[in-house]
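In what follows, chains carry the letters A, B, and so on, assigned in the order in which the sequence lines appear, proteins first and then strands, with residues in each chain numbered from 1.
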2 protein chains.
Amino acid sequence: MDPDREREFLAEYDPRAFDPIAVTVDVVALTLREERLHVLAVRRGGPPFEGEWALPGGFVQAGRESLDEGAARELAEETGLDPAALGRVHLEQLGSYGHPDRDPRMHVVSIAYLAFAPRLPDARAGSDAAGAAWLPVEAFSPAGQPGPVRSRPIDQGRRPGAYGGGTGRRPLPDEDGPRLAFDHDRILADGLERARAKIEYTPLATAFLPEPFTIGELRAVYEAVWGAPLHAGNFHRKVLSVPGFVESTGETATRPGSRGGPKARLYRAGDARLLHPPLLRPDREDDVR
Amino acid sequence: MDPDREREFLAEYDPRAFDPIAVTVDVVALTLREERLHVLAVRRGGPPFEGEWALPGGFVQAGRESLDEGAARELAEETGLDPAALGRVHLEQLGSYGHPDRDPRMHVVSIAYLAFAPRLPDARAGSDAAGAAWLPVEAFSPAGQPGPVRSRPIDQGRRPGAYGGGTGRRPLPDEDGPRLAFDHDRILADGLERARAKIEYTPLATAFLPEPFTIGELRAVYEAVWGAPLHAGNFHRKVLSVPGFVESTGETATRPGSRGGPKARLYRAGDARLLHPPLLRPDREDDVR
DNA sequence: CAAGTTGTTCTCAGTATGAGTCTTTCTCAG
DNA sequence: CTGAGAAAGACTCATACTGAGAACAACTTG
């Protein structure tokens, strides 16, 4: 038996005898504020990266909680919501990041989660953070919002869905704005790409809206997440033609949009889990190769 | 500061003082043999689940390797391939599973990987396993291959992409065939669903084939993964019309298919990373809700 | 040689999409 | 009060993509 194998065997029965790996959850929580996509960030209260922005997260409680539960707990701590009252918030696993050097203190494997939330209260700092806030995602996305004509520096070379996590390097080349601590820039970029892809073929865009909502509000979600304007008429036709995407409440808005126009009809999320056929993002020729 | 917080702080600086969480990687390695999808499985050489089949995997080497590297290492160990020679094998992260009870010994978080490989040599047992083999996936999929008319017991209630990992419960209800150890049934089911979805919008089906290949062989990959027959003519038209999916070698097969027909033209994988527009699975109305 | 398979190309009808128009109902500025 | 501008929603039209099927040639096996 070679030495590596031997070590594994021992570790299997007494992991404490070896260098441990810490397990954390980090959450990319996205919400819409003033028509723009915002991400929940905390300011680190201690080293390393003291004073820098980071994604909310923390250690998984060994033997006491699952990863999903840990993520919900961390999200609740920073939003001030009761973990049980996270009701309409969509929370899904994003990927894991485990490069040995991603945290200077020790080998930390982080399981990242992605959350979609309707307008939430202002963030409050958890006890280990110096502050928490919803920040516009462009603050951390080089080249501003992800316009369709943009050169897309973030997702360069990454296939959607193949968020080849685990390497944890911090490559992002030509950076402009502020950075997130650790490899959280990469995690955020992966989360944004996942969000952009996910609203194509699932009705999750509705998770960003309080019910009931109008078709126009739903379109604003797509425009904010994709960073591109959509054709209002075609969007309207499409949303109503996909079975189960939205269902009418029969009501119409009490007041029209702030800039005029007729009172819009109101809808709530339908029972579809997948959009069939999907709503595809406009022109992504650059992404193809 | 509440007790949970306090514990976190301490753990942050001396994780050894607390119950550790072990981190493993498990690999769902898929390949095609005799037109059927097979998964690499190992027979456990010790408790728990001694003698049962499980996915290949093992502990991540703390401070010495990333998750990706660990997955590649584990895969190499069970296939007998040089880790560096894993060349044409596609390896991507699938998701993480971290329910505290998923392993009876201790809290183990497993990062699952998904591999697509062209015909590989027979498996060989790693030193900690009693055996290794490529097994037809239907052996572990209740109700056999995932036919289009099937009631789809595996993916029931799961949105593709929302492989909401982390819970690690072992729910799979009405089981027929053998089970995989731990929660590996669930991981395999998630891996299969990911594979089925992934070949829709990426050219990864080509990763199952040695180059050069014929359109008919590529179609056989889709049919095996989706478990449904496809219209040969339409498939042919589609594959050739998506830019960058395959590129012609200019050659034609030396021998025709084993059951007659003209010599087919040969192709290799093109340079596209995404299929645009995608090849959608036939009829998934059941999945929609 | 006959029957059966496969590779490849076509046709045709149905559906979905992008772009644009039009009408109606509002708000806001003057 | 009025006119400009914005938005909701319903239409039109040309194009693209899809599923189903047919046709035909090049092979196999019995």
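OP1 or OP2 of C/dT9 lies within a sub-4.0 Å distance of a side-chain N or O belonging to B/R265. The side chain of A/K263 contributes no N or O atom lying less than 4.0 Å from OP1 or OP2 of D/dA8. Neither OP1 nor OP2 of C/dG18 sits under 4.0 Å from any side-chain N or O of A/R281.
In this structure, the CG atom of B/L266 is 11 Å from the P atom of C/dG7, given to the nearest Å. To the nearest angstrom, C1' of C/dT6 lies 15 Å from CG of B/L230. Atom NE2 of B/H276 and atom C1' of D/dA16 are 12 Å apart (whole Å). The interatomic distance linking A/H231 (NE2) with C/dG20 (P) rounds to 7 Å, in whole Å. Going from atom CG of B/L240 over to atom P of D/dC17 covers 14 Å, rounded to whole Å. B/F235 places its CZ atom 17 Å from the C1' atom of D/dA20, with the value rounded to the nearest Å.
When atom types are taken as modelled, the side chain of A/T31 and the backbone of A/A117 share a donor-acceptor pair closer than 3.5 angstrom. For A/T214 (side chain) and A/A264 (main-chain N/O), no donor-acceptor pair under 3.5 Å exists by modelled atom type.
Pairing each heavy atom of B/R194 with each of B/L94, the nearest pair is NH1-O, 3.3 Å. The shortest heavy-atom contact between B/E200 and B/W226 is CG-CZ2, 3.5 Å. Counting all heavy atoms, side chain and backbone alike, B/S248 lies closest to B/G250 at OG-N, 2.9 Å. Here the shortest heavy-atom pairing between A/H38 and A/R36 reads ND1-O, 2.9 Å.
Sorted by first then second residue, the salt bridge (Lys or Arg N to Asp or Glu O under 4.0 Å) pairs that include residues 217-242 of chain A, not counting sequence neighbours, are A/R219-A/E223. Evaluation of the salt bridge (Lys or Arg N to Asp or Glu O under 4.0 Å) test over residues 205-215 of chain B, restricted to residues two or more places apart or in two chains, returns B/R88-B/E211.
For the pairing with A/E193, the salt bridge (charged side-chain N to carboxylate O under 4.0 Å, His left out) check across A/R281, A/R186, A/K198 returns one residue only, A/R281.
At a threshold of 4.0 angstrom between heavy atoms, the contacts of A/H236 are confined to the sugar-phosphate backbone, with no base atom among them.
Aromatic ring orientation, B/Y222 versus B/F245: perpendicular (interplanar angle above 60°, classes split at 30° and 60°).
Computed from C1' positions of five pairs at each end, the angle between the two local axes of the helix from C/dC1-D/dG30 to C/dG30-D/dC1 equals 20°, rounded to 10 degrees.
Here C/dT6 is the nucleotide among D/dA10, C/dT6, C/dT9 with the atom lying nearest to any side-chain atom of B/R259.
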Which atoms of nucleotides 13-17 of chain C (N or O only) lie under 3.5 Å from a protein N or O atom, and what are those distances?
| from | atom 1 | to | atom 2 | distance (Å) |
| --- | --- | --- | --- | --- |
| C/dT17 | OP1 | A/K238 | NZ | 2.8 |
| C/dT17 | OP2 | A/K238 | NZ | 3.2 |

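Remark: A/Y267 pairs with no residue by the ring-ring contact (aromatic ring centres under 6.0 Å, His included) rule, at least two apart or across chains.
DNA chain D lies under 4.0 Å from at least one heavy atom of each of the following residues of residues 207-217 of chain A: A/G216.
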